[in-house]
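Here is the structure we will look at.
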Amino acid sequence: MSSQLQTPGAGPTPDRPRYRTETTPPHTPLRPTWACRACGQTWPCPQARLLLKVEYESALPALSIYLSGLMFEAMRDLFHLNPHDGPSPQEMFDRFVAWGPFRRSILEQR
């Protein structure tokens, strides 16, 4: 029996938000850079955040789980692209999870 932890498997497939039009690509991440394939901003871009909140409106815990899994995948990809000065864990948390449905209000943080 080994005392080492196993390497985690792949996280969720970054295929949401599912909303799309015939003329515009979906606001999903383009790996390994994690830029939005529709607008080129860092993903999740403002449009993706809005669409994700609408898509997961009746399943907010699932949105948090999905975003946390994608944060892990993004950290893995971005570290391999630039291991020396990539985004910090706090920056990644703020980018992927902190804006989600269970964020604490500024008033609650006092």
* To do: May I ask whether Leu67 and Leu50 are part of the same hydrophobic cluster, defined by side-chain heavy atoms of I, L, V, M, F, W, Y residues being less than 4.5 angstrom apart, directly or through others?
  => no
With sequence neighbours excluded, tell me which residues meet side-chain contact (heavy atoms from CB on, under 4.5 Å) with [X].
| X | value |
| --- | --- |
| Asn82 | His84, Asp85 |
| Met92 | Met71, Ala74, Met75, Leu78, Pro87, Arg95, Phe96 |
| Thr33 | Ala35, Leu81 |

Distance col, row Tyr56:OH vs Ser58:OG, nearest 0.5 angstrom, shows 10.5 Å
Sequence-distant partners of [X], side-chain hydrogen bond (donor to acceptor under 3.5 Å, both in side chains), two or more places apart:
| X | value |
| --- | --- |
| Glu55 | Arg16 |
| Gln90 | Asp94 |
| Trp34 | Asp77 |

Sorted by chain and residue number, the salt bridge (Lys or Arg N to Asp or Glu O under 4.0 Å) partners of Arg49 (sequence neighbours excluded) come out as none
Contacts satisfying salt bridge (Lys or Arg N to Asp or Glu O under 4.0 Å) that involve residues 59-70 (not counting sequence neighbours) are none
For Pro17 and Leu52 the tightest heavy-atom approach is N-CD2, 3.8 Å
With a 3.5 Å cut-off and sequence neighbours excluded, list the donor-acceptor pairs that the side chains of residues 37-46 form with protein atoms.
| residue | atom | partner | partner atom | Å |
| --- | --- | --- | --- | --- |
| Arg37 | NE | Thr28 | OG1 | 2.9 |
| Arg37 | NH2 | Pro29 | O | 3.1 |
| Trp43 | NE1 | His27 | O | 2.9 |

